[in-house]
Each structure stands twice: as C-alpha cells, then as structure tokens.
Protein chains: 4
Amino acid sequence: MQIKKEEKKTRILSAATRLFSERDFQEVSVNDIARIAGVGKGTIYTYFKEKEEILEACVAEIFSDFVDKIRSSYEEAKSLSSFIERVAPRLLENVVVNSRILFMFNRKCHSDRKRYRKVSGEYRKAMAEVFQRYGKEMSCNFETMNAYFTAFLMTSYMVYESVDKEIIEEVLTRGLLCSLRGCGQDKV
Amino acid sequence: MQIKKEEKKTRILSAATRLFSERDFQEVSVNDIARIAGVGKGTIYTYFKEKEEILEACVAEIFSDFVDKIRSSYEEAKSLSSFIERVAPRLLENVVVNSRILFMFNRKCHSDRKRYRKVSGEYRKAMAEVFQRYGKEMSCNFETMNAYFTAFLMTSYMVYESVDKEIIEEVLTRGLLCSLRGCGQDKV
Amino acid sequence: MQIKKEEKKTRILSAATRLFSERDFQEVSVNDIARIAGVGKGTIYTYFKEKEEILEACVAEIFSDFVDKIRSSYEEAKSLSSFIERVAPRLLENVVVNSRILFMFNRKCHSDRKRYRKVSGEYRKAMAEVFQRYGKEMSCNFETMNAYFTAFLMTSYMVYESVDKEIIEEVLTRGLLCSLRGCGQDKV
Amino acid sequence: MQIKKEEKKTRILSAATRLFSERDFQEVSVNDIARIAGVGKGTIYTYFKEKEEILEACVAEIFSDFVDKIRSSYEEAKSLSSFIERVAPRLLENVVVNSRILFMFNRKCHSDRKRYRKVSGEYRKAMAEVFQRYGKEMSCNFETMNAYFTAFLMTSYMVYESVDKEIIEEVLTRGLLCSLRGCGQDKV
DNA sequence: AATGAATGAGTGTTCATTCAT
DNA sequence: TATGAATGAACACTCATTCAT
C-alpha cells in the first residue's frame, strides 16, 4: 500500500513535469495531468492541495537534481573554470526540460519571493558553498553570481531548438566564466 | 477618421504591451486591455482576430524596434567593437520591458517555430546583415552569434533587479564582444 | 436596450425565486437558474457577482413586498385590530412561496446577523413604525411583537398544505391580535 | 463485538447530530462526520446506505425524544392547557438544536411526504393520542393540530437568537393554546 | 466603425460513494 | 468488520469571442 501510494504520487509528478515543460501553467489543466498520469482527477487532490502545489513539487525535484550536480562538480574541481567546465554540461543535460518549468515558477513567484526562496532554499545553499569556494575568482557578489547562473541557464533553454548543443555548451561555459570573472575587461 | 482608426489600434497595442509586460498572457484578459486602452471590448476584435494576435503584434513592434536600433548602430560603426558599444546600451534600454514579452512569446511558439520565425523574420534579417558585415571579426557562425546576443540580452533582463545598471551594461558589452570574438578562449 | 437589460435581470430573479422556494440553496445550481430563466449561464454573472447575491436579491424583493403591504395597511387603519385585519390577508398572499426563501436565508445568516439585518433593514423600520403607532395597544415590547409576527407567519406557511386557507387566515388574524394584546392571558 | 458495533453507530449518530445542528446538510461532509465520530470514512457506509440515511436516523432519534416528552406530559395532565404548559418547556429545551435538523429534514422531504411520514410515524402516533385525549378542547382537526405544533416549534428556533427564552416560552405556550382552541374568537 | 450584453466551453476543486485490502 | 485511497460527476465561476444595435 505504501509502495502503491508513493507510485501514484510519482506518476502524477512525472506527468506534470512533462506537461509543464511543454506548455504554460495555465495551458495545462488538472484534467490533462490526471489523464497522462493515468489516475482520476480527484486522486490528484489526495496528494496535492492545489494545482500550484504540483508545480512547486516539480520545481523542488528539479532543484534537488541541480543541487546534486553542483555539489558533485565542485567536489571534483579546484578552480572556478574547472568547476564551470564540469557543472555546465551536467546542468545543460536537463536544462531543456527544467528551465521551462523553473522559469515559469520564477515568473509566478515574481511578487512572492518568499515562496521562491522556500522551494529553492537548498539550491541557494549549494550556490553559497560555490561562492565561498570560488568567490575570490569572481568580480561580483553572491546575488550577482546567482543571477548570472540563472540567466545563462535560462538562455540555454531559449536557444536550444535553433542552436547546436555544442554551441550552447560553449556559450554557457564561456558566457558564465566571462561574466563572473569580469574577464575580457582588459581586452576590450 | 483614418487617423482615429490608427489611433485606436495604437492605444490597444500600448495597453497590451504594458499589461503583457506585467503579467502572464493568461492573466491579462481582453477586458483589461480594453479598459486600459479606453475602448470597448468589441472594438479590439475589429483590429485583431484573436487575443493571440495582439501579443503577436506587440512582439512584432518590439522586434521592429530592435531592428531599428541594430540598423542605426551598424550604419555608424566600422568595427564589431564599435557596433557592440553602440548597440548594447540601445538594446538594453527596452530589454527589461520587452524581454518578458519576448520570452512569453517564445514559450508560446515552442511547438510552432514557423510562427516565431514569421514574427522575428525582420530581426533575423538585420542580424544577418550584422553577420555579413562583422562576421570576419567573429570566431563563430551565424546561429552562434544569434545565441550569444540572445543569451546576453536575456541575462541582462534576468539580473536586472539584483545588479547595478552600469555593471549590466558592462557585462553585456564586454561579454558579447568577448564571446563573439572568441577572446578569452585561452583562459578557459 | 435598457428595457431588455432589466428584463433579463427580472427573468433571472423570477427563476431563482421559483427554484429557491422549491429546493434548498445548495440544491439549486446556477445552471438550473439559467435554464429556467432562459438565459446563458454567463449572463447571470453579468447581473450578480455570485450565487449568494441572487438569493439576497430574491429576499430583498420579498421584504420590499412585505414593507409595501405593511405600510399601505397601517395607512388605512386607525386601530391595531383593523391593521391586523388588513395586513394579515395581504401578507398571507405571498407567504407560502416567500417564507420558504426567508427561512432559508435566515438559516444562511445565522452566524452573520449583520447580513440579515442589512437585507431586512427596511422591514424592521416598517415594523418599528407599526410599533410606534399601535404599541400602546400591545402588552409586549418591540422584539416580542416581531417574534409574534414571525411566528404566526411561519405557522401559516407551515400549515399551508394541511389546513384550509380560511382557517389559516382566521388563526393568523386572531392569533396575532390575541398574542400582541395579551388577551386570553387569564385563560391559560 | 456486538457492543462495539452498536457503539460505533452511536458515535456516528452523535457526531452527525452535532454537525447537522450546526451546519446545513450539504455543508456537513461525510468526512467531517467520520472525523468527529473517530471512525473511518468507509465505516459509515457499513451502518448507513447513504448520507441521507444518517440524517434520517438523527431525525428518528429526535422524534423519539419528542415522543417521550409528549407521553410523559399528557400522562400528568388532565386539561389541554395543563398539557401545553407541561410539554412546551420540555420540547423547547432541545428545540434549538433539534429544530434545525427537523426543518432541514422537512425541506428535504417536501416532495416525498412518504419518507417524512415513515420517520415521524411514532411521533404522529403520540400526537394522535394527544388529539384523542384533548381533541374536544380544540377547534381544529388532527392534521391542523399537528401543523400548529410543528409551526410553533419551528418558530421558537427561528427567533431564539434575538428573543429572550422566557418570551419564546410565552409565545410558544400562548400561541399554541390560542391557535388550537381558536381562543380569542369572541374577543375580537 | 464601435460597442458591451450575452454566451457556453472550460477551469480548479469538492465530496459522496466504492472497493481492494 | 473497518479502512482510506481512488474516483468522476457535479459545482460555481471566468473569459475569449460573437453579434445585434
């Protein structure tokens, strides 16, 4: 029973993640999620109080995945550049599916930052560790570093349909390094 | 009368642009647009076949604005660096308001790229002219150049709230140049 | 247009009054009201903010009707007995349909007396005028007088199906007079 | 085990009675009843075929209580007036809690009188005994007598929040006597 | 051309009831 | 017998779109 119960929740989350990554929050109906998950509409409300909570759960899962990738990357890397080189392709891997949802969530929380912070808390912690470790190689503060990461990841998503994956990886890696270091300053 | 007609359409577009830049597509009702524009709800359907067409028109206007800024910039600039220095602050000017809408539109067109291309066609043409003129100074192809522009512009939008405007402008200008030229490659 | 507009609202109210007098608030769906009124479901929301507002409007209409009957009756009557003799059959006329709805509304407002007072305000005012005029002929205070009126009207409603109309009218008239005056006290 | 079984049913009924006397039928969910009763939601359907049956059982209990009070009252009373004087305060005692439920049930059965008769059968029998005993003191038939009792009890509930308990008792006692006897006839 | 009253398809959510355990 | 997870019909309400004026 316990197993089955968890299985239903998992199926709902998978269906939701898939649908939210394809369409906007409002364009995905609870009916759609139920149909794809293969459960009754009412069942969804056994596991989630409201539609928004489903999105939140999807986002939490994505952040948790990000955190794993960030931690494993900086454990292997001594310098900022080697960290970026490691973490970029790993994040990129799921970025297409995830960025869509993250961006969606980000928009929804624009006027309620607390809610965003709550869900992204662990991610922020991981990023704080990154800043503590490589901050001296950057010419920006913690918040700015976060903004750059977010922005470049989002961008990767935006161009991913028209640009080769290798190019995206290049843009992501160089763009990030360049922005964080303030590199190229002496070159212009 | 002809003038009045155009004036109504303009007022509708202004209202829509303002509202779409504040809220999500679905969160802006046709009623809202009519109210802000100061016209009747039915009037909107005299000028636009459906709600989505309003968004499309907003986006077209934004792209057209971008095109103007790009063209006027490269007409004044002999080198890539001088072009970037001119175009970056001009684009930045409206990027905050516009990116939101562009992003929204991009999302909506994710499964219908043709529609996106149709609206962004003139912008792509202008970018092609840029590539033709300065391409030899770049170490990337056309699509990659586009990706870098998109990336740095989106980044500017996304960090806008947490980073100083001057820093954003600097990062945008230097980051773009650096990435397009491929400078800093040896640094990674 | 003005006429037509009002006509729709009237039809909605009539339909609602009919349905609410047959079934409980929750058992009457907005769909039902729309169907009976012969209008679209959405139209109802052009005239009423929410379902409860429809009920409130029905009740207000009923009270307004009561007030008219009370006022016209005491304008014609010099003594309490002649007032009662006039007002009783008039109130009785609509009491069957109306009492049901009033009772329902009374129930809904049990924990929000302010709302009840708001809608029944004019009725209470009319009753106050009645008390001011005939109070000296009564052996009870204002609230008790109200209670008697309520009691005998409700009684009329409740016995309506099993008792002859003439008997009801008699009981209503004599019972009210008897109770208000305190006559028959010595008989108990 | 037999005891336990009965105990569960009792707990369900107590919970239901409490909840139905506080809120409307539709506003009390089976879940609520289960929670208050401290049993599983499914358990309720072991004892009752459907939600309405729970209400019916509550009503039956209330009627049974009424029957006890009526019987004990007329066993002590020789005349109608002394019966009324005895029974009125006894009935009033629980009328606040019970009337709500009775009225609810009465409404629900408006189009299915058989159902109402079924549940109120024993009460009707007791009232028949009352009529047999004091009928000659009344100027109405059996059905009318019943209607008056019902009506005045309901009314007591309706006014109980705005009127003193003593006044209610007075209105109930006098109103009943007055209506049953047709008293005051010669006084008007 | 301009309007806004009218519409009904569609939404998120609730809840009585079923049924496998 | 007792349970609560699962269900889908039903609900109040919204809103893009139409159309008579």
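Below, read A as the first sequence line, B as the second, and so on, with proteins coming before strands; counting in each chain starts at 1.
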Item to check | F25(A) CZ - dG12(E) P separation (whole Å) | outcome: 8 Å
Next on the checklist: Suppose we define a pair by two distances each less than 3.5 Å, Watson-Crick or G-U wobble; what does dT11(E) pair with here?
Outcome noted: dA12(F)
Checklist entry - Does R18(B) CZ have over 12 foreign heavy atoms under 6.0 Å away? => result no
Next on the checklist: Using a heavy-atom cut-off of 4.0 Å across all strands, would you classify T43(B) as base, sugar-phosphate, or nothing?
Outcome noted: base
Checklist entry - What is the pairing partner of dT21(E), taking Watson-Crick or G-U wobble pairs with both distances under 3.5 Å in any strand? => result dA2(F)
Next on the checklist: If I take atom CD1 in residue I12(C) and atom P in nucleotide dA5(E), what distance separates them, rounded to the nearest angstrom?
Outcome noted: 13 Å
Checklist entry - Mapping G40(B) and G40(C) to their closest nucleotides on DNA chain E, which lands nearer the 5' end? => result G40(B)
Next on the checklist: What's the closest nucleotide to the side chain of Y45(D) if the choices are dG12(E), dT18(F), dT17(E)?
Outcome noted: dT17(E)
Checklist entry - Any salt bridge between R100(C) and E22(C), counting N to O under 4.0 Å? => result no
Item to check | Lys NZ or Arg CZ of K108(A) over F25(A) ring: under 6.0 Å, within 45° | outcome: yes
Next on the checklist: Considering every strand and a 4.0 Å limit on heavy-atom distances, what is the contact class for Q26(A): base, sugar-phosphate, or nothing?
Outcome noted: nothing
Item to check | Any K51(A) side-chain N or O less than 4.0 Å from OP1/OP2 of dT14(E) | outcome: no
Next on the checklist: Between G42(A) and E50(B), which residue's closest nucleotide on DNA chain F lies nearer the 5′ terminus?
Outcome noted: G42(A)
Next on the checklist: Does dA6(F) have OP1 or OP2 under 4.0 Å away from a side-chain N or O of K9(A)?
Outcome noted: no
Checklist entry - Does D32(C) come within less than 4.0 Å of R23(C), counting only side-chain N to carboxylate O? => result yes
Next on the checklist: Taking the cut-offs as 6.0 angstrom to the six-membered ring centre and 45 degrees off its axis, would you call K51(A) and Y45(A) a cation-pi pair?
Outcome noted: no
Checklist entry - Taking atom P of dT7(E) as reference, at what distance in whole Å does atom CZ of R11(C) sit? => result 8 Å
Next on the checklist: Please determine whether any donor N or O and acceptor N or O are separated by less than 3.5 Å between the side chain of K41(C) and the base of dG10(E).
Outcome noted: yes
Checklist entry - Should Y47(A) be listed as having a side-chain N or O under 4.0 Å from OP1 or OP2 of dA6(F)? => result yes
Checklist entry - For E27(D) and V39(C), take the nucleotide of DNA chain E holding the closest heavy atom to each; which residue's nucleotide lies nearer the 5' end? => result V39(C)
Checklist entry - At under 4.0 Å, does any side-chain N or O of T46(A) touch on OP1 or OP2 of dA5(F)? => result no
Item to check | Atom-to-atom span, CD of E7(B) to C1' of dA1(E) - whole angstrom | outcome: 14 Å
Next on the checklist: Is K8(A) close enough to dT7(F) that one of its side-chain N or O atoms is under 4.0 Å from OP1 or OP2 there?
Outcome noted: yes
Checklist entry - Over how many whole Å does the gap from E53(D) atom CD to dA16(E) atom C1' extend? => result 14 Å
Next on the checklist: Both distances below 3.5 Å, Watson-Crick or wobble geometry, any strand: find the nucleotide opposite dA1(E).
Outcome noted: none
Item to check | Interatomic distance, N31(C) CG vs dT7(E) C1' [rounded to whole Å] | outcome: 12 Å
Item to check | Gap between atoms CG and P, on D24(B) and dT14(F) respectively (whole Å) | outcome: 19 Å
Item to check | Check ion pair K118(D)-E56(D) (N to O, under 4.0 angstrom) | outcome: yes
Item to check | d(CD, E52(B); C1', dC15(F)) in whole Å | outcome: 14 Å
